[in-house]
Amino acid sequence: TATETNTDTETDTDTDTGTNTETDTGTDTDTGTDTENDADTGPPTPARYPSATTHSPITFAVAENMRQIAAKTANSKTNVFMKIGASSTVSTKTLHCFASSKVDLGAHSNLQPTLTYFKAGKAAGTTPFNRKTAAAKSGKTAKWAISGNPSPISTEISAISPRSAVIHYGTNDMGMGATYMHASYPFYESMMKLLAGLVDDGIVPILTGISPRKDKAAADRWVAAYNALIRGLAQRWQVPFIDLHHATGALPGQGMSGDG
């Protein structure tokens with residue numbers, strides 16, 4: 001979510017510095033290094049998302065794509081995000097602490113304005129951080145979130161009118177096939193439908209990777225493959241990806257609670 005705020009800064013910089021100095025001075029000062037937002041070069045080049053990084057890059061192309069998604073609706077609340085997922089999303093150990101008045105950001109105090117901005121968001125009587133979302137339920141999968149009429153996602157959208165959505169699926173989805181490999185195919189299909197629906201509704205998806213599987217060694221060996229799939233989905237849609245596995249790997253217990 002904080003990524004979106006950083007995006008605006010990058011975009012402003014590109015716009016302000018787009019001066020044609022060759023025309024003004026008669027001297028060619030173009031270094032050839034910043035062509036991504038040059039009108040003469042056509043659409044910006046889509047970003048590639050490398051592995052082994054916590055956050056995917058927010059390039060000019062990604063920022064512009066996010067703006068175009070958000071522009072599809074005028075009814076969303078810019079400081080409200082929705083949560084979509086399973087047990088880890090339902091858990092009060094995920095994000096709820098940021099709704100508290102006692103948040104210690106430590107070395108990341110520069111994020112205080114972002115935190116304040118989203119804490120002010122009105123999500124049906126709560127903040128987006130501690131909202132009990134209708135789009136998350138323990139033991140469920142990405143297919144569940146888009147099933148029914150209305151679906152859990154549609155119900156939550158109607159309730160809080162979010163601008164963005166934090167999505168965390170994959171752990172339960174791994175068990176929905178004869179093997180972990182076979183389960184990846186319907187997982188991909190469900191996620192593609194889920195993401196397409198959000199984008200059509202003008203909601204910017206923010207995908208998160210899955211955590212280690214301490215319950216099953218065989219499943220844990222497939223975590224990297226599922227995270228690569230999720231990262232690939234984010235790259236395909238040019239929306240943010242957060243690798244939770246990478247972010248928490250060095251923490252005690254890999255930053256996990258009893259339910260992951």
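Keep in mind that the numbers below use all heavy atoms, side chains included, and drop hydrogens, waters and symmetry copies.
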With a sphere of 6.0 Å drawn around NZ of K72, does it hold more than 12 non-hydrogen atoms of other residues, nucleotides or ligands? yes
Might you confirm whether atom NZ of K143 has over 12 heavy atoms from other residues, nucleotides or ligands at distances under 6.0 Å? no
Looking only at heavy atoms, what is the nearest atom pair of I58 and P240, with distance? CD1-CG, 4.1 Å
Does a side-chain heavy-atom distance below 4.5 Å link [X] with [Y]?
| X | Y | value |
| --- | --- | --- |
| D201 | T73 | no |
| T208 | F241 | no |
| V103 | C97 | no |
| I206 | V239 | no |
| S190 | T141 | no |
| K216 | D220 | no |

Any donor-acceptor N or O pair under 3.5 Å, side chains H245, S211: no
We want to know whether S88 and H168 form a side-chain donor-acceptor pair, criterion being a heavy-atom distance below 3.5 angstrom. yes
[X]: partners by side-chain contact (heavy atoms from CB on, under 4.5 Å), with sequence neighbours left out:
| X | value |
| --- | --- |
| A135 | M82, I84, T133, I153, E156 |
| N79 | K77, Y117, F118, A120 |
| S51 | R231 |
| R221 | A217, A218 |

Trace of the side-chain contact (heavy atoms from CB on, under 4.5 Å) decision for Q238 with Q235: CA-CA 5 Å; Q238 292 289 280; Q235 178 178 293; 4.0 Å; yes
Looking at [atom1] of [X] and [atom2] of [Y], how far apart are the two atoms once the value is rounded to the nearest 0.5 Å?
| X | Y | atom1 | atom2 | result |
| --- | --- | --- | --- | --- |
| T54 | D243 | OG1 | CG | 6.5 Å |
| K193 | I146 | NZ | CD1 | 6.0 Å |
| L195 | I69 | CG | CD1 | 9.5 Å |
| L207 | Y49 | CG | OH | 9.0 Å |
| K122 | I160 | NZ | CD1 | 13.5 Å |
| I242 | S56 | CD1 | OG | 8.0 Å |

Not counting sequence neighbours, which residues clear side-chain hydrogen bond (donor to acceptor under 3.5 Å, both in side chains) with [X]? List them please.
| X | value |
| --- | --- |
| T127 | N130 |
| S154 | S151 |
| E189 | none |
| S101 | none |

Would you sort out whether S161 and N75 count as a side-chain contact (heavy atoms from CB on, under 4.5 Å), showing the intermediate values? CA-CA 7 Å; S161 302; N75 300 322; 5.6 Å; no
Taking salt bridge (charged side-chain N to carboxylate O under 4.0 Å, His left out) as the definition, give me every residue that meets it alongside D215, ordered by chain and number, with sequence neighbours left out. R213
Can F60 and N65 be said to form a side-chain contact (heavy atoms from CB on, under 4.5 Å), step by step? CA-CA 9 Å; F60 179 82; N65 182 60; over 6 Å; no
Donor-acceptor contacts under 3.5 Å from residues 169-177 side chains, at least two apart:
residue : atom : partner : partner atom : Å
Y169    : OH   : G85     : O            : 3.2
N172    : ND2  : K140    : O            : 3.0
D173    : OD1  : G170    : N            : 2.9
D173    : OD2  : A142    : N            : 3.0

Please step through side-chain contact (heavy atoms from CB on, under 4.5 Å) for the pair M66 and V62, ending with a clear verdict. CA-CA 6 Å; M66 292 166 66; V62 174; 3.8 Å; yes
Could you tell me how the ring of Y226 sits relative to the ring of W222: parallel (under 30°), tilted (30 to 60°) or perpendicular (over 60°)? perpendicular
Applying ring pair (Phe, Tyr, Trp, His ring centres under 6.0 Å), can you list everything that pairs with F98, at least two apart in sequence or on another chain? F129
Just jot down the ring pair (Phe, Tyr, Trp, His ring centres under 6.0 Å) partners of Y188, sequence neighbours excluded, or say none. none
Donor-acceptor contact present, side-chain T126 to main-chain A123, <3.5 Å: yes
Please answer: with hydrophobic residues joined when any side-chain heavy atoms are less than 4.5 Å apart, are V90 and I167 in the same cluster? no
